[in-house]
Amino acid sequence: MKATFRSIEGTYDILPTSRRAVRRSEAWQHVEGVIRDMMQRFAFQEIRTPVLEPLSLIARGVGEASDIVTKEMFAFIRGRTHYVLRPEMTAPVMRAYLQHHLEQHPGEQRLFYMGPCFRAERPQKGRYRQFHQFGVEILGAIDPRADAEVISCALEIYGALGLTGTTLRINTLGDADSRVRYIEALCAYFAPYEAKLTSASQQRLQKNPLRILDTKVQAERALVREAPRLIDYVDSESRAHYEAVKALLDEVNISYTEDPHLVRGLDYYTRTAFEIEGAGLGAQNALAGGGRYDLLSQSIGSSRSVPAVGFAAGMERLLLALEAGGQPWPAAGVVDTYLLGLGEAAAPVLFVLAHQLRRKGLSVIQGPRWRSMKAQLRTAHRLKARCCVIVGDNEVATGQATAKDMAQGTQQLVSFDALPDYLLSYLR
RNA sequence: GUGACCGUAGCUCAGGUGGUUAGAGCGCCAGGUUGUGGCCCUGGAGGUCGGGGGUUCAAGUCCCCUCGGUCACCCCA
């Protein structure tokens, strides 16, 4: 039989049975559990925002003209409203912060999120049209401690999952003026070489000069190495902030490499910028990225300045990296108890038993009564059931079920009434 | 948006230069004597070879188009 519909390009189903971790629900649950646990240790509380946001929220943050708005987002109009499927979470979190006046709450706001985001890009390894991000935002914090804490949180999550081979790169972007001055210097530096650049880089020189820094063309990389360094254009307060962040990272032995060419394309980013890369990910090897965005609140129209720092991380890339690292996944059984029926008389008995056992907190499933005992036991074995309860005509007649221990292979007659307590004590 | 490679059973894949009823392993189902799983043995179901068109006496195999997948470029919030 041929399937008629498929999931949309760049989207995929997460199933209980998939061989690949990225597409297996059990793997997701495990990773999500570790993330939530770590968020709690850092006292980050969960925020859930709608998948739909006003287009202008995203567009204003990003700048109207860029490819991001025109090509990379799922946007549509309905009635008079322009909608967008959120492409990331930082702007929505800031929107919620401003909308609900969270600055009125005591101290900084420490929020984490986990959920689907959408970008209309061509899919490739580690890049999907519906993908999932988790991350944290500390809003209302100017302290370099917050920057370091955010970095630490991301790394602790990866560590707790047993992921190895991650590398941390950091840089400082300075304030808005620093970047304006730097971009001028960069353009001045590249201008004499313009004819030699690839057409892509020539366009970047016009539209987004900072992006020349991460060109993949070998000849251009040599030019980039000699290019002016952002750090030399950064204001003194930002430098002091940067030094403070590094000092804190040193205190807890977080190793990093300083990358003077690590930049952000959007204007609302300030000061600290960092990226964590993973192994075995292909071209899209950034596991997480983050930093400070002290100017975001104003760039989305608020009169209020909200200093903030955070990171965003890709779930799919994390799963991919864990898979590439050969991490074994904890394999859980599907059920505690498999109720095996033989013949119609067993039907009401099993239904009642299942009800009682579930009330006691056990995980229970009933086998199909019309199939052979052998087939049902085989199924029970595959589900990793720890015991089977067998009820056929004999058991119905005597009021006693056969309880079978699947690991030992032993079995015992137990009256229906006593069965819930018997199994409960047996399985504990 | 651009490019490369790929598309044969549920899954992973075989099917030299086109030639008769399309294969394997795993998985699934059923048996191997009465109501007992794992190992082993036997059998079975399951495919319009992604779809459409063309070349040919003959196409899974060649050509074109199309739709998917994968990876890379572009972009990267």
Side-chain angles (χ1 to χ4, degrees), chain A residues 1-12 15 17-20 53 57-63 66-73 84 86-94 117-128 131 133 135 198-201 203-204 207-208 210-211 214-217 263-269 273 275 281-286 289-291 293 296 299-300 310 312 314 338 340-343 346 367-369 371-395 402 404-411:
Chain A
M1 197 196 307
K2 200 175 65 180
T4 48
F5 288 106
R6 319 176 32 91
S7 55
I8 280 173
E9 176 182 9
T11 70
Y12 59 94
L15 306 172
T17 49
S18 176
R19 295 232 182 299
R20 299 169 53 190
E53 289 284 353
L57 168 68
I58 308 295
R60 288 179 74 172
V62 145
S66 70
D67 277 8
I68 292 174
V69 176
T70 55
K71 290 188 173 173
E72 317 290 0
M73 297 197 302
V84 65
R86 65 185 186 199
E88 53 106 23
M89 292 293 291
T90 301
V93 168
M94 180 60 83
C117 296
F118 305 83
R119 296 184 188 180
E121 301 170 296
R122 284 286 284 275
Q124 70 186 73
K125 190 178 176 78
R127 172 180 276 186
Y128 306 89
F131 61 104
Q133 285 197 338
T198 58
S199 63
S201 286
Q203 280 183 16
R204 283 191 277 233
K207 283 163 45 178
N208 200 349
L210 292 176
R211 282 291 152 213
D214 43 36
T215 176
K216 289 175 181 173
V217 181
V263 293
R264 291 278 121 93
L266 306 186
D267 292 339
Y268 57 76
Y269 286 104
E275 278 185 24
L281 283 171
Q284 305 299 319
N285 64 347
Y293 47 95
L296 175 60
S299 88
I300 62 173
Y338 188 92
L340 195 161
L342 298 164
R369 297 179 308 281
R371 290 186 62 191
S372 71
M373 185 168 191
K374 177 186 216 144
Q376 292 191 63
L377 274 173
R378 190 165 48 231
T379 303
H381 181 255
R382 281 169 198 163
L383 296 176
K384 296 189 175 71
R386 293 169 64 197
C387 11
C388 273
V389 170
I390 303 166
V391 176
D393 292 342
N394 299 343
E395 286 80 2
T402 303
K404 180 181 177 74
D405 178 305
M406 292 300 279
Q408 307 295 319
T410 56
Q411 50 192 55

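Residue numbering restarts at 1 for every chain, and letters A, B, ... go by the order of the sequence lines.
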**Student:** When the distance from CD of Glu395(A) to C1' of U36(B) is rounded to whole Å, what number comes out?
**Tutor:**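 My rounded result for the distance is 11 Å.
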**Student:** I want to verify a distance call: between A72(B), A30(B), U36(B), whose nearest atom is closest to the Leu377(A) side chain?
**Tutor:**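 Of the options given, the side chain of Leu377(A) lies nearest U36(B).
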**Student:** Quick check for you: to the nearest 0.5 Å, what is the distance between Arg371(A) atom CZ and Leu342(A) atom CG?
**Tutor:**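 Going from the CZ atom of Arg371(A) to the CG atom of Leu342(A) covers 12.5 Å.
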**Student:** Would you say the side chain of Gln411(A) and the base of U36(B) hold a donor-acceptor pair, judged only by whether the two atoms sit under 3.5 Å apart?
**Tutor:**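 Answer is yes: a donor-acceptor pair is held.
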**Student:** Please pick, from C74(B), G37(B), U36(B), the nucleotide with the shortest atom-to-atom distance to any side-chain atom of His381(A).
**Tutor:**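 That would be G37(B).
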**Student:** Find the distance Leu281(A):CG to U70(B):P and express it as a whole number of Å.
**Tutor:**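 For the pair Leu281(A) CG and U70(B) P, the rounded distance is 16 Å.
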**Student:** Ignoring backbone atoms, test whether Arg127(A) places a side-chain nitrogen or oxygen under 4.0 Å from the OP1 or OP2 oxygen of C75(B).
**Tutor:**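 Indeed not, no polar side-chain atom of Arg127(A) lies that close.
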**Student:** Between A45(B) and A30(B), how many Å separate the two P atoms, rounded to a whole number?
**Tutor:**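 About 15 Å, rounded to a whole number of Å.
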**Student:** With rounding to the closest Å, how many angstrom separate the P atoms on A9(B) and A22(B)?
**Tutor:**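 That atom pair is separated by 14 Å.
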**Student:** Taking the C1' atom of each, how far is G16(B) from U12(B), in whole Å?
**Tutor:**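 Their C1' atoms lie roughly 23 Å apart.
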**Student:** Phosphate oxygens OP1/OP2 of C71(B): is one of them under 4.0 Å from a side-chain N or O of Arg122(A)?
**Tutor:**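 Arg122(A) to C71(B) OP1/OP2: no side-chain N or O under 4.0 Å.
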**Student:** Expressed as a whole number of Å, how far does the C1' atom of G10(B) sit from that of G47(B)?
**Tutor:**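 Approximately 12 Å lies between the C1' atom of G10(B) and that of G47(B).
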**Student:** Would you say a side-chain N or O of Gln124(A) is under 4.0 Å from OP1 or OP2 of C73(B)?
**Tutor:**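 For Gln124(A), the contact criterion (side-chain N or O under 4.0 Å from OP1 or OP2 of C73(B)) is met.
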**Student:** Can you tell me, in whole Å, how much space there is between the C1' of C26(B) and that of U33(B)?
**Tutor:**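 Straight-line distance between the two C1' atoms is 30 Å.
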**Student:** How far does CG of Leu281(A) sit from NZ of Lys125(A), to the nearest 0.5 angstrom?
**Tutor:**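 If we round to the nearest 0.5 Å, Leu281(A):CG and Lys125(A):NZ are 7.0 Å apart.
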**Student:** Roughly how far apart, to the nearest Å, are A4(B) and C11(B) at atom P?
**Tutor:**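 Here A4(B) and C11(B) have their P atoms 28 Å from each other.
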**Student:** Taking the nucleotide of RNA chain B with the nearest heavy atom to each, does Glu9(A) or Ala200(A) sit closer to the 5' end?
**Tutor:**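 Taking each residue's closest nucleotide, the earlier one in sequence belongs to Glu9(A).
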**Student:** Please tell me which of Lys216(A) and Arg264(A) maps to the more 5' nucleotide of RNA chain B, matching each residue to the nucleotide holding its nearest heavy atom.
**Tutor:**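 This one resolves to Lys216(A).
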**Student:** In whole Å, what separates the C1' atom of A24(B) from that of C62(B)?
**Tutor:**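 Straight-line distance between the two C1' atoms is 27 Å.
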**Student:** Contact between Met94(A) and Tyr293(A) at the side-chain level, heavy atoms closer than 4.5 Å - yes or no?
**Tutor:**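 A side-chain contact exists here, since the closest heavy-atom pair is under 4.5 Å.
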**Student:** Taking only N and O in the side chain of Arg6(A), is any of them less than 4.0 Å away from OP1 or OP2 of G50(B)?
**Tutor:**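 For G50(B), OP1/OP2 do not have a side-chain N/O of Arg6(A) under 4.0 Å.
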**Student:** Between Glu275(A) and Arg264(A), is the closest basic N to carboxylate O distance under 4.0 Å?
**Tutor:**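 Counted as a salt bridge, because a side-chain N and a carboxylate O are separated by less than 4.0 Å.
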**Student:** Just the rounded figure in Å: distance from C1' of G27(B) to CZ of Arg19(A).
**Tutor:**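 Those two atoms, CZ and C1', are 8 Å apart.
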**Student:** Any side-chain N or O of Asn208(A) under 4.0 Å from OP1/OP2 of C76(B)?
**Tutor:**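 For C76(B), OP1/OP2 do have a side-chain N/O of Asn208(A) under 4.0 Å.
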**Student:** I'd like the C1' distance from G52(B) over to G46(B), given in whole Å.
**Tutor:**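 Per the computed distance, 26 Å lies between those C1' atoms.
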**Student:** Let's see if you can work this out: which of C76(B), U36(B), C75(B) has an atom nearest to the side-chain heavy atoms of Ile390(A)?
**Tutor:**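 When the side chain of Ile390(A) is considered, U36(B) is the closest of C76(B), U36(B), C75(B).
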